[in-house]
Amino acid sequence: SVWILRTLIAIGLTKSMGVWLLVAGSAMVSIGAFYYLIMQFDEYRQRAAIITPLLTLALALLWFSYPYTLIYDMPNLALFIVSYVLMVQKRWAPYLFVFTLACLNKETAALLAIGFAAMTFRTMTWRKYIALGAVQFAIWLVVRVAIVAAFGNNPGGIMESHLSQH
């Protein structure tokens with residue numbers, strides 16, 4: 001998220017406009033992907049017209065009222081939902097690309113692998129299942145090692161716990 005913001009600033013936008021575009025764009029991607037997921041289930045298609053605007057309102061209220069909201073939260077939500085859309089579509093190469101972006105954005109993207117394991121269990125060969133799981137672990141590990149190597153000398157620890165704040 002920070003690298004996207006820096007790119008937006010580099011092309012001439014102010015920091016506040018860049019943050020607004022990043023958050024608004026991520027929210028729109030999240031809403032669109034969520035709408036797509038709802039439409040995959042016949043019993044929810046009629047409710048999608050009601051659920052999607054409510055989700056939009058909920059995202060706006062969360063973003064503007066929650067005291068611990070950070071710049072990477074909306075992009076993280078968008079990357080998670082797009083990842084689940086790609087899982088539903090069984091588009092593994094794009095999924096792994098989005099998974100990599102999610103890992104670059106926030107370490108908790110590793111939780112996508114749990115969603116992958118649950119959603120795809122017994123839906124593909126064991127060989128493919130294990131291979132895709134191993135690739136996800138390798139991506140997460142490479143990204144994590146690279147981030148620690150690049151920013152390990154910065155103040156703070158390698159990992160922070162904020163569970164008590166949520």
Side-chain angles (χ1 to χ4, degrees), residues 1-11 13-38 52 55-120 131-166:
S1 299
V2 174
W3 52 273
I4 294 172
L5 179 59
R6 286 185 181 153
T7 303
L8 292 172
I9 293 169
I11 63 171
L13 295 176
T14 64
K15 184 177 180 180
S16 60
M17 181 57 99
V19 168
W20 187 87
L21 279 175
L22 180 63
V23 170
S26 298
M28 295 307 294
V29 168
S30 298
I31 293 162
F34 183 75
Y35 180 80
Y36 174 85
L37 283 176
I38 292 173
T52 304
L55 176 67
T56 305
L57 179 61
L59 285 174
L61 291 173
L62 283 173
W63 175 257
F64 292 111
S65 66
Y66 192 64
Y68 302 108
T69 302
L70 299 170
I71 189 171
Y72 52 75
D73 289 339
M74 278 297 174
N76 194 47
L77 177 64
L79 292 167
F80 262 70
I81 295 175
V82 169
S83 294
Y84 284 116
V85 166
L86 294 170
M87 280 187 225
V88 166
Q89 294 174 339
K90 297 183 181 346
R91 296 178 56 207
W92 303 119
Y95 165 74
L96 292 172
F97 175 73
V98 173
F99 179 80
T100 304
L101 293 177
C103 288
L104 286 167
N105 187 57
K106 197 169 179 188
E107 299 90 2
T108 55
L111 297 174
L112 282 168
I114 296 170
F116 165 83
M119 288 179 65
T120 60
L132 284 169
V135 168
Q136 289 173 82
F137 177 74
I139 288 169
W140 180 85
L141 188 63
V142 166
V143 168
R144 184 75 180 129
V145 168
I147 288 173
V148 169
F151 300 105
N153 293 329
N154 287 0
I158 291 177
M159 181 181 234
E160 296 182 16
S161 177
H162 296 281
L163 287 175
S164 64
Q165 297 171 343
H166 297 286

query = Under the side chain to side chain contact (heavy atoms under 4.5 Å, CB included) criterion, do Lys106 and Phe80 qualify, and how do the steps go?
reply = CA-CA 11 Å; Lys106 197 169 179 188; Phe80 262 70; over 6 Å; no
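The distance from atom CG of Leu86 to atom CZ of Phe97, rounded to the nearest 0.5 Å, is 11.0 Å. Rounding to the nearest 0.5 Å gives a distance of 5.5 Å between CG of Asn105 and CG of Leu79. To the nearest 0.5 Å, atoms NZ (Lys90) and CG (Leu132) are separated by 11.0 Å.
The two residues Tyr84 and Met119 make their nearest non-hydrogen contact at CD2-SD, 3.3 Å. Leu112 and Ala102 get closest at one heavy-atom pair: CD1-CB, 4.1 Å. When every heavy atom of Cys103 is checked against every heavy atom of Ile147, the shortest pair comes out as O-CD1, 4.3 Å.
Considering only residues two or more places apart in sequence or on other chains, Thr120 meets the side-chain contact (heavy atoms from CB on, under 4.5 Å) condition with Trp92, Phe116, Thr123, Met124, Tyr129. Contacts of Val135 classified as side-chain contact (heavy atoms from CB on, under 4.5 Å), with partners at least two apart in sequence or in another chain: Leu96, Ile139.
Of the residues listed (Val98, Leu77, Leu101), the one engaging Val82 in a side chain to side chain contact (heavy atoms under 4.5 Å, CB included) is Val98, and it is the only one.
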